[in-house]
Amino acid sequence: MKLGDGGKMIGPILKRWRAERGMSQLDLALAADVSARHVSFLETGRSRPSPDMVLRLVEALGLPLRERNAVLIAAGYMPRFGESRWDSTELCELRRAARLILTTHDPYPAFVLDGLFTILDANTSATALMDAAGAVPGANLVDPVFQPGPIRQMIVNWDAVANYFLHRLREGARLHGSNAPVAQKLRQALAAPGAGGLVPAAPGVTPSVLLKVILNSGDGERAWFTTLTSFGAPLDALAEEIIIEQFHPAE
(Lines give C-alpha, C1' and ligand atoms only; values in the text may rest on other atoms or scores of the structure.)
Protein backbone atom coordinates (compact mmCIF):
# COMPACT_ATOMS: atom_id res chain seq x y z
CA MET A 1 0.00 0.00 0.00
CA LYS A 2 1.37 3.41 -0.93
CA LEU A 3 1.82 5.98 1.79
CA GLY A 4 -1.01 8.15 0.55
CA ASP A 5 -3.53 5.37 0.06
CA GLY A 6 -4.39 5.05 3.75
CA GLY A 7 -5.62 8.64 3.97
CA LYS A 8 -7.83 8.21 0.90
CA MET A 9 -9.30 4.95 2.17
CA ILE A 10 -9.97 6.04 5.72
CA GLY A 11 -11.72 9.30 4.77
CA PRO A 12 -15.04 7.80 3.59
CA ILE A 13 -14.98 5.33 6.48
CA LEU A 14 -14.61 8.10 9.07
CA LYS A 15 -17.39 10.05 7.39
CA ARG A 16 -19.69 7.03 7.37
CA TRP A 17 -19.08 6.25 11.03
CA ARG A 18 -19.55 9.90 11.96
CA ALA A 19 -22.91 9.81 10.18
CA GLU A 20 -23.83 6.53 11.92
CA ARG A 21 -23.14 8.21 15.25
CA GLY A 22 -25.00 11.39 14.32
CA MET A 23 -21.89 13.51 14.87
CA SER A 24 -20.77 16.59 13.01
CA GLN A 25 -17.11 17.16 12.18
CA LEU A 26 -16.99 19.56 15.12
CA ASP A 27 -18.55 16.96 17.44
CA LEU A 28 -15.92 14.41 16.46
CA ALA A 29 -13.14 16.95 16.72
CA LEU A 30 -14.16 17.92 20.25
CA ALA A 31 -14.52 14.29 21.33
CA ALA A 32 -11.09 13.39 19.91
CA ASP A 33 -9.44 16.64 21.05
CA VAL A 34 -8.35 17.66 17.56
CA SER A 35 -9.33 20.53 15.29
CA ALA A 36 -12.40 20.34 13.07
CA ARG A 37 -10.11 21.36 10.20
CA HIS A 38 -7.99 18.29 10.79
CA VAL A 39 -11.06 16.04 10.76
CA SER A 40 -12.09 17.64 7.48
CA PHE A 41 -8.62 17.04 5.99
CA LEU A 42 -8.75 13.39 7.09
CA GLU A 43 -12.19 12.83 5.55
CA THR A 44 -11.17 14.39 2.22
CA GLY A 45 -7.86 12.52 2.09
CA ARG A 46 -5.71 15.65 2.36
CA SER A 47 -4.10 14.27 5.51
CA ARG A 48 -3.22 10.77 6.62
CA PRO A 49 -3.68 10.01 10.32
CA SER A 50 -0.99 8.39 12.45
CA PRO A 51 -1.90 5.11 14.20
CA ASP A 52 -2.35 7.00 17.46
CA MET A 53 -4.68 9.49 15.77
CA VAL A 54 -6.75 6.62 14.33
CA LEU A 55 -7.10 5.16 17.82
CA ARG A 56 -8.19 8.54 19.21
CA LEU A 57 -10.82 8.90 16.51
CA VAL A 58 -12.26 5.39 16.86
CA GLU A 59 -12.36 5.85 20.62
CA ALA A 60 -14.25 9.12 20.16
CA LEU A 61 -16.65 7.33 17.79
CA GLY A 62 -17.21 4.58 20.34
CA LEU A 63 -16.34 1.78 17.91
CA PRO A 64 -16.10 -1.84 19.08
CA LEU A 65 -12.68 -3.51 18.80
CA ARG A 66 -13.55 -5.37 15.60
CA GLU A 67 -14.46 -2.12 13.86
CA ARG A 68 -11.38 -0.35 15.28
CA ASN A 69 -9.20 -2.96 13.61
CA ALA A 70 -11.01 -2.40 10.31
CA VAL A 71 -10.37 1.34 10.46
CA LEU A 72 -6.70 0.80 11.29
CA ILE A 73 -6.35 -1.52 8.30
CA ALA A 74 -8.11 1.00 6.04
CA ALA A 75 -5.60 3.61 7.18
CA GLY A 76 -2.73 1.30 6.19
CA TYR A 77 -1.78 0.04 9.64
CA MET A 78 -1.74 -3.31 11.38
CA PRO A 79 -4.71 -4.14 13.63
CA ARG A 80 -4.08 -3.60 17.33
CA PHE A 81 -6.66 -5.99 18.80
CA GLY A 82 -7.09 -9.74 18.52
CA GLU A 83 -9.96 -11.33 16.61
CA SER A 84 -9.71 -14.85 17.97
CA ARG A 85 -11.97 -17.82 17.42
CA TRP A 86 -13.85 -19.27 20.39
CA ASP A 87 -11.87 -22.51 20.14
CA SER A 88 -8.51 -20.75 19.83
CA THR A 89 -5.62 -21.09 22.26
CA GLU A 90 -5.83 -17.36 22.96
CA LEU A 91 -9.28 -17.72 24.52
CA CYS A 92 -8.62 -20.84 26.59
CA GLU A 93 -8.81 -18.89 29.89
CA LEU A 94 -12.12 -17.33 28.85
CA ARG A 95 -13.53 -20.73 27.92
CA ARG A 96 -12.54 -22.13 31.31
CA ALA A 97 -14.11 -19.19 33.13
CA ALA A 98 -17.29 -19.44 31.06
CA ARG A 99 -17.51 -23.20 31.60
CA LEU A 100 -17.20 -22.70 35.37
CA ILE A 101 -20.11 -20.24 35.31
CA LEU A 102 -22.20 -22.61 33.18
CA THR A 103 -21.52 -25.63 35.36
CA THR A 104 -22.20 -23.91 38.66
CA HIS A 105 -25.49 -22.51 37.28
CA ASP A 106 -26.98 -25.96 36.68
CA PRO A 107 -29.74 -27.07 37.14
CA TYR A 108 -30.85 -23.79 35.56
CA PRO A 109 -30.13 -22.96 31.89
CA ALA A 110 -27.15 -20.83 30.87
CA PHE A 111 -25.68 -20.02 27.46
CA VAL A 112 -22.46 -18.45 26.15
CA LEU A 113 -23.41 -16.23 23.19
CA ASP A 114 -21.44 -14.10 20.76
CA GLY A 115 -22.63 -10.76 19.39
CA LEU A 116 -24.86 -12.51 16.83
CA PHE A 117 -26.49 -14.74 19.49
CA THR A 118 -24.57 -17.74 18.22
CA ILE A 119 -24.45 -20.38 20.96
CA LEU A 120 -20.77 -20.96 21.76
CA ASP A 121 -21.41 -23.13 24.79
CA ALA A 122 -24.32 -24.18 27.00
CA ASN A 123 -24.79 -26.11 30.22
CA THR A 124 -26.73 -29.35 30.55
CA SER A 125 -30.03 -27.65 31.36
CA ALA A 126 -29.78 -25.23 28.45
CA THR A 127 -28.89 -28.02 26.03
CA ALA A 128 -31.89 -30.04 27.18
CA LEU A 129 -34.13 -26.99 26.77
CA MET A 130 -32.97 -26.37 23.20
CA ASP A 131 -32.79 -30.00 22.01
CA ALA A 132 -36.31 -29.82 20.61
CA ALA A 133 -35.17 -27.20 18.08
CA GLY A 134 -31.72 -28.65 17.48
CA ALA A 135 -30.16 -25.44 18.81
CA VAL A 136 -26.87 -26.91 19.98
CA PRO A 137 -23.54 -25.05 20.30
CA GLY A 138 -22.86 -23.47 16.93
CA ALA A 139 -26.53 -22.71 16.22
CA ASN A 140 -28.00 -19.23 16.46
CA LEU A 141 -30.51 -18.45 19.19
CA VAL A 142 -32.36 -15.82 17.14
CA ASP A 143 -33.50 -18.32 14.51
CA PRO A 144 -35.50 -20.73 16.74
CA VAL A 145 -36.95 -17.81 18.70
CA PHE A 146 -38.27 -15.98 15.61
CA GLN A 147 -38.94 -18.75 13.11
CA PRO A 148 -42.06 -20.93 13.58
CA GLY A 149 -41.16 -24.10 15.45
CA PRO A 150 -40.95 -25.76 18.87
CA ILE A 151 -38.98 -23.02 20.65
CA ARG A 152 -41.18 -20.17 19.45
CA GLN A 153 -44.27 -22.17 20.43
CA MET A 154 -42.75 -22.78 23.85
CA ILE A 155 -42.50 -19.02 24.60
CA VAL A 156 -45.84 -18.05 26.12
CA ASN A 157 -45.14 -14.29 26.06
CA TRP A 158 -43.49 -14.37 22.64
CA ASP A 159 -44.35 -10.77 21.70
CA ALA A 160 -42.56 -9.36 24.76
CA VAL A 161 -39.56 -11.68 24.40
CA ALA A 162 -39.26 -10.99 20.66
CA ASN A 163 -39.38 -7.25 21.33
CA TYR A 164 -36.52 -7.64 23.79
CA PHE A 165 -34.48 -9.63 21.25
CA LEU A 166 -35.10 -6.94 18.64
CA HIS A 167 -33.96 -4.28 21.10
CA ARG A 168 -30.68 -6.12 21.67
CA LEU A 169 -30.20 -6.66 17.94
CA ARG A 170 -30.86 -2.97 17.25
CA GLU A 171 -28.30 -2.03 19.89
CA GLY A 172 -25.80 -4.36 18.23
CA ALA A 173 -26.51 -2.85 14.82
CA ARG A 174 -26.14 0.67 16.22
CA LEU A 175 -22.83 -0.23 17.85
CA HIS A 176 -21.30 -2.19 14.96
CA GLY A 177 -22.89 -0.28 12.07
CA SER A 178 -25.64 -0.81 9.53
CA ASN A 179 -23.40 -3.03 7.35
CA ALA A 180 -22.40 -5.39 10.17
CA PRO A 181 -23.56 -9.04 10.38
CA VAL A 182 -25.68 -8.18 13.43
CA ALA A 183 -27.61 -5.69 11.30
CA GLN A 184 -28.29 -8.46 8.79
CA LYS A 185 -29.44 -10.71 11.63
CA LEU A 186 -31.81 -7.93 12.73
CA ARG A 187 -33.27 -7.75 9.24
CA GLN A 188 -33.76 -11.53 9.24
CA ALA A 189 -35.54 -11.38 12.59
CA LEU A 190 -37.83 -8.56 11.41
CA ALA A 191 -38.74 -10.62 8.33
CA ALA A 192 -39.99 -13.51 10.49
CA PRO A 193 -43.79 -13.99 10.69
CA GLY A 194 -45.35 -11.59 13.17
CA ALA A 195 -42.11 -9.75 13.96
CA GLY A 196 -42.40 -6.73 11.69
CA GLY A 197 -45.53 -5.38 13.34
CA LEU A 198 -44.37 -5.72 16.92
CA VAL A 199 -44.71 -2.56 19.00
CA PRO A 200 -42.83 -2.32 22.32
CA ALA A 201 -45.46 -2.71 25.02
CA ALA A 202 -45.75 -0.30 27.91
CA PRO A 203 -45.61 -1.80 31.41
CA GLY A 204 -48.93 -2.94 32.84
CA VAL A 205 -50.77 -1.58 35.84
CA THR A 206 -48.39 -3.50 38.10
CA PRO A 207 -45.08 -3.20 36.23
CA SER A 208 -42.47 -5.88 36.78
CA VAL A 209 -38.89 -4.97 37.60
CA LEU A 210 -37.62 -7.36 34.91
CA LEU A 211 -39.09 -8.90 31.77
CA LYS A 212 -40.02 -12.50 32.49
CA VAL A 213 -39.52 -15.22 29.92
CA ILE A 214 -42.48 -17.57 30.31
CA LEU A 215 -41.92 -21.04 28.85
CA ASN A 216 -44.25 -23.98 28.50
CA SER A 217 -42.41 -27.14 27.49
CA GLY A 218 -45.48 -29.37 27.94
CA ASP A 219 -45.33 -29.81 31.70
CA GLY A 220 -46.80 -26.44 32.66
CA GLU A 221 -45.60 -22.84 32.55
CA ARG A 222 -42.41 -21.63 34.16
CA ALA A 223 -41.29 -18.01 34.41
CA TRP A 224 -37.66 -16.97 34.26
CA PHE A 225 -35.60 -13.80 34.38
CA THR A 226 -32.09 -13.60 32.97
CA THR A 227 -28.78 -12.04 33.93
CA LEU A 228 -26.00 -11.12 31.49
CA THR A 229 -22.30 -11.47 32.26
CA SER A 230 -19.49 -10.06 30.12
CA PHE A 231 -15.71 -10.08 30.43
CA GLY A 232 -14.00 -6.95 31.74
CA ALA A 233 -11.35 -4.90 29.92
CA PRO A 234 -11.29 -7.02 26.71
CA LEU A 235 -8.44 -6.67 24.21
CA ASP A 236 -9.92 -9.14 21.74
CA ALA A 237 -12.94 -8.54 19.51
CA LEU A 238 -14.72 -11.78 20.33
CA ALA A 239 -13.94 -11.47 24.04
CA GLU A 240 -15.60 -8.04 23.94
CA GLU A 241 -18.75 -9.45 22.31
CA ILE A 242 -19.26 -12.56 24.45
CA ILE A 243 -22.25 -12.61 26.78
CA ILE A 244 -23.09 -15.34 29.29
CA GLU A 245 -26.88 -15.41 29.72
CA GLN A 246 -28.19 -17.21 32.80
CA PHE A 247 -31.82 -18.08 33.45
CA HIS A 248 -33.16 -17.83 37.01
CA PRO A 249 -36.57 -19.05 38.24
CA ALA A 250 -38.91 -16.08 38.66
CA GLU A 251 -41.32 -17.81 41.03
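These values consider heavy atoms only, across backbone and side chains, with no hydrogens, waters or symmetry-generated copies.
Tyr77 and Pro49 make their closest contact through OH-O, 2.7 Å (heavy atoms, listed as atom of the first residue, atom of the second, distance). What you find for Pro51 and Leu72 is that their closest heavy atoms are O-CD2, 4.2 Å. Phe146 and Ala189 get closest at one heavy-atom pair: CD2-O, 3.6 Å. Shortest non-hydrogen contact noted between Ala183 and Gly177 is CB-O, 3.8 Å. Between Ala75 and Val54, the shortest heavy-atom contact is CB-CG2, 3.9 Å. Contact record, Ala239 with Pro234: C-CB, 4.0 Å, taken as the closest heavy-atom pair.
Between the CD atom of Glu67 and the CZ atom of Phe81 there is a distance of 12.0 Å, given to the nearest 0.5 Å. Rounding to the nearest 0.5 Å places CG of Asp114 at 7.0 Å from CD of Glu241. Taken to the nearest 0.5 Å, the CZ atom of Arg16 stands 10.5 Å off from the CG atom of Leu61. Taking CG from Asn123 and NE2 from His105, the interatomic distance works out to 7.0 Å, rounded to the nearest 0.5 Å. Taking CG of Leu91 as the start and CZ of Phe231 as the end, the distance is 9.0 Å to the nearest 0.5 Å. Taking CZ from Arg99 and CZ from Arg95, the interatomic distance works out to 11.5 Å, rounded to the nearest 0.5 Å.
Side-chain heavy atoms closer than 4.5 Å link hydrophobic residues (I, L, V, M, F, W, Y) into clusters, and following such links, even through other members, never connects Leu175 to Leu166. Leu141 is connected to Leu198 through a chain of hydrophobic side-chain contacts under 4.5 Å among Ile, Leu, Val, Met, Phe, Trp and Tyr, so both are in one cluster. Taking hydrophobic clusters as Ile, Leu, Val, Met, Phe, Trp and Tyr residues chained together by side-chain heavy-atom distances below 4.5 Å, Val145 shares a cluster with Leu190. Hydrophobic clustering, with ILVMFWY side chains joined whenever heavy atoms are under 4.5 angstrom apart, groups Leu57 together with Leu55. Cluster annotation: Val39 is not connected to Leu30 through the hydrophobic network of ILVMFWY side chains, with a link wherever side-chain heavy atoms come within less than 4.5 Å.
Under a 4.5 Å side-chain heavy-atom criterion applied to ILVMFWY residues, the cluster that includes Leu211 comprises Tyr164, Leu228, Ile243 as well.
Looking only at distances, a side-chain donor or acceptor of Thr44 sits under 3.5 Å from a matching main-chain atom of Phe41. Put simply, the side chain of Asp27 gets close to the backbone of Ser24: a donor and an acceptor are under 3.5 Å apart. Formation of a donor-acceptor pair under 3.5 Å by the Asn69 side chain with backbone atoms of Arg80 is found in this model. With hydrogens and angles disregarded, a donor-acceptor distance shorter than 3.5 Å links the side chain of Glu20 to the backbone of Ser178. When atom types are taken as modelled, the side chain of Arg152 and the backbone of Gln147 share no donor-acceptor pair closer than 3.5 angstrom. Side-chain N or O atoms of Ser125 include one that pairs as donor or acceptor with a backbone N or O of Pro107 at under 3.5 Å. In this structure, Arg18 contributes its side chain and Leu28 its backbone to no donor-acceptor pair below 3.5 Å. The closest donor-acceptor contact from the side chain of Asn157 to the backbone of Lys212 lies under 3.5 Å.
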Evaluate Gln25 against Glu43 for side chain to side chain contact (heavy atoms under 4.5 Å, CB included), listing each step before the verdict. CA-CA 9 Å; Gln25 288 185 345; Glu43 288 190 358; 2.9 Å; yes

Verify side chain to side chain contact (heavy atoms under 4.5 Å, CB included) between Trp224 and Tyr108, making sure each step is shown before the conclusion. CA-CA 10 Å; Trp224 307 83; Tyr108 305 128; 3.7 Å; yes

Salt bridge (Lys or Arg N to Asp or Glu O under 4.0 Å) for Arg56 and Glu59? Distances and angles first, verdict last. CA-CA 5 Å; Arg56 286 170 65 179; Glu59 172 71 24; over 6 Å; no

Before giving the answer on ring pair (Phe, Tyr, Trp, His ring centres under 6.0 Å), spell out for Phe165 and Phe117 the whole-Å C-alpha distance, their side-chain angles and the decisive distance to 0.1 Å. CA-CA 10 Å; Phe165 261 84; Phe117 291 88; 5.2 Å; yes

Would Met53 and Val34 count as a side chain to side chain contact (heavy atoms under 4.5 Å, CB included) here? Give the steps. CA-CA 9 Å; Met53 176 57 67; Val34 298; 3.4 Å; yes

Step by step, work out the side chain to side chain contact (heavy atoms under 4.5 Å, CB included) result for Leu113 and Thr118. CA-CA 5 Å; Leu113 306 170; Thr118 303; over 6 Å; no

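Legend: salt bridge (Lys or Arg N to Asp or Glu O under 4.0 Å) pairs involving residues 173-196, not counting sequence neighbours, sorted by first then second residue: Asp143-Lys185, Glu171-Arg174.
Side chains of Leu238 and Ser84 form no contact here, defined as non-hydrogen atoms less than 4.5 Å apart. Put simply, the side chain of Asn140 reaches to within 4.5 Å of the side chain of Leu116, judged on heavy atoms. By the 4.5 Å heavy-atom criterion applied to side chains, Leu63 and Trp17 are counted as neighbours.
Ring orientation note: the planes of Phe225 and His248 are close to parallel, at an angle under 30° on the 30°/60° scale.
No side-chain donor from either of Thr227 and Glu245 sits under 3.5 Å from a side-chain acceptor of the other.
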